[in-house]
Amino acid sequence: SAKDMKHRLGFLLQKSDSCDYSSSQSKKEKLSSSQRLSQEEVRKWAESLENLIHHDRGLAAFRAFLKSEYSEENIEFWVSCEEYKKTKSPAKLSPKARKIYDEFISVQATKEVNLDSCTRERTSHNMLEPTLSCFDEAQRKIFTLMEKDSYRRFLKSPYYLDLVSPPGAGCGPENCKRNHTHSLDCNSNIISQCA
């Protein structure tokens with residue numbers, strides 16, 4: 001469930017000054033202080049969607065947020081396009097392109113992304129002779145959609161606000177139970193900055 005995913009993600013995205021949320025963390029979930037996120041890194045995610053999704057943990061947090069909203073197909077499509085552009089072998093272009101098209105763009109796509117009919121048509125036409133740039137237009141449209149919609153909601157969500165909470169902002173250890181309403185109260189100044 002989305003709640004379980006968020007709970008697991010909390011361990012991955014721990015900050016160095018965070019409370020101990022669970023005393024029974026597995027070794028895999030424990031992070032050394034050098035691997036923990038700095039407040040500066042997390043704040044950069046609010047500067048642009050690019051900063052967020054080009055950071056491994058930012059991408060993981062955003063993906064978990066989208067999953068909670070049942071719209072993770074957008075970021076999955078974007079990531080698939082990025083991986084596709086790294087294809088070195090011309091022989092692999094066509095099968096990889098077909099897989100992305102079938103999964104995200106075709107009429108029967110299992111994870112269909114929201115594209116206008118013109119973009120969908122042009123992308124279909126690009127499938128006749130796939131190139132490294134055949135999904136560029138569709139990828140740009142989905143990026144813009146995420147930037148204008150889900151990214152703004154992410155910045156106001158506990159997925160982000162729980163990470164960016166500055167130390168000593170009124171959220172003392174006695175209150176540190178990852179209570180969403182409390183996190184929102186403690187970070188009301190961040191909400192106004194991100195709006």
Side-chain angles (χ1 to χ4, degrees), residues 1-15 18 21 28-29 31 35-39 41-86 96-97 99-117 119-120 123 135-165 178-184 187 190-195:
S1 79
K3 209 170 194 174
D4 293 337
M5 175 68 84
K6 183 182 182 303
H7 183 70
R8 275 188 239 118
L9 186 65
F11 290 117
L12 293 173
L13 299 171
Q14 252 175 2
K15 353 178 263 245
S18 65
Y21 299 122
K28 198 174 188 180
E29 290 172 327
L31 298 172
Q35 292 175 303
R36 291 185 180 151
L37 285 170
S38 72
Q39 287 294 300
E41 285 176 304
V42 175
R43 284 192 187 98
K44 281 184 181 171
W45 299 352
E47 292 173 11
S48 72
L49 178 57
E50 283 153 351
N51 286 356
L52 174 68
I53 61 182
H54 284 99
H55 189 284
D56 288 344
R57 294 199 190 128
L59 179 61
F62 189 54
R63 192 186 298 246
F65 169 73
L66 291 176
K67 195 167 189 143
S68 77
E69 292 201 330
Y70 304 100
S71 62
E72 68 267 24
E73 69 279 352
N74 292 328
I75 194 65
E76 287 179 20
F77 172 67
W78 186 88
V79 168
S80 294
C81 291
E82 287 297 292
E83 289 169 3
Y84 174 77
K85 289 186 225 180
K86 296 173 188 167
K96 281 185 174 185
K99 184 177 187 285
I100 292 170
Y101 180 82
D102 290 344
E103 190 173 359
F104 299 103
I105 297 173
S106 78
V107 181
Q108 298 102 9
T110 54
K111 300 175 181 178
E112 187 178 354
V113 291
N114 188 7
L115 291 172
D116 60 272
S117 58
T119 305
R120 195 176 299 277
T123 306
F135 294 110
D136 285 1
E137 184 183 359
Q139 187 184 20
R140 260 192 314 277
K141 298 264 182 174
I142 293 303
F143 180 89
T144 302
L145 181 75
M146 290 190 297
E147 189 174 45
K148 290 181 176 175
D149 187 33
S150 46
Y151 172 61
R152 290 179 182 179
R153 286 196 311 280
F154 169 78
L155 293 177
K156 296 175 183 180
S157 77
Y159 287 84
Y160 179 71
L161 295 176
D162 283 357
L163 295 171
V164 81
S165 173
R178 298 187 66 80
N179 178 329
H180 296 247
T181 44
H182 183 66
S183 296
L184 293 172
N187 294 296
I190 307 258
I191 292 174
S192 57
Q193 289 172 7
C194 295

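Computation of the quantities below employed the complete heavy-atom set of this structure, encompassing side-chain atoms and omitting hydrogens, waters and symmetry-equivalent molecules.
- Between Y84 and F135, the ring-plane angle classifies as perpendicular under the 30° and 60° cut-offs.
- E147 has its side chain out of reach of E50: every pair of non-hydrogen atoms, C-beta onward, lies at least 4.5 Å apart.
- Salt bridge annotation for R63-E72: absent, with no cationic side-chain nitrogen under 4.0 angstrom from a carboxylate oxygen.
- At distances below 3.5 Å, at least one donor-acceptor pair connects side-chain atoms of R120 with backbone N or O atoms of I105.
- Across A61 and Y159, no two heavy atoms sit closer than the pair O-CD2, 4.1 Å.
- Under a 3.5 Å cut-off, the side chain of H55 and the backbone N or O of N51 do not form any donor-acceptor pair.
- Nearest heavy-atom pair across A46 and L155 is CA-CD2, 3.7 Å.
- Of all the heavy atoms in E112 and V107, the pair that sits closest is OE1-O, 3.7 Å.
- Once rounded to the nearest 0.5 Å, the distance linking CZ of F77 with CD of E82 reads 10.5 Å.
- Note that CD1 of I75 is 10.0 Å distant from OG of S80, once rounded to the nearest 0.5 Å.
- In this structure, CZ in F62 is found 8.0 Å from CG in N74, a value given to the nearest 0.5 Å.
- Looking only at distances, a side-chain donor or acceptor of Y160 sits under 3.5 Å from a matching main-chain atom of V42.
- Using a 4.5 Å cut-off on side-chain heavy atoms (C-beta onward), V113 and L145 make no contact.
- A salt bridge does not link E41 to R57: none of the charged nitrogens lies less than 4.0 Å from a carboxylate oxygen.
- Among all heavy-atom pairs drawn from L66 and S150, the shortest one is CD2-CB, 3.4 Å.
- Within 6.0 Å of CG on D56 lie no more than 12 heavy atoms contributed by other residues, nucleotides or ligands.
- In this structure, CG on D136 lies 9.5 Å from OG1 on T123, to the nearest 0.5 angstrom.
- Annotation for W78 and M146: closest pair CB-CE, 4.1 Å, computed over non-hydrogen atoms.
- Counting only heavy atoms from C-beta outward, the side chains of F154 and L49 never approach each other to under 4.5 Å.
- No more than 12 heavy atoms of other residues, nucleotides or ligands shown are found within 6.0 angstrom of NZ on K44.
- Using modelled atom types, one side-chain atom of Q39 and one backbone atom of L163 make a donor-acceptor pair closer than 3.5 Å.
- Going from atom OG of S71 over to atom CD of E76 covers 10.0 Å, rounded to the nearest 0.5 Å.
- More than 12 heavy-atom neighbours from other residues, nucleotides or ligands sit within 6.0 angstrom of NZ on K85.
- L52 CG to Y151 OH: the interatomic distance, rounded to the nearest 0.5 Å, is 6.0 Å.
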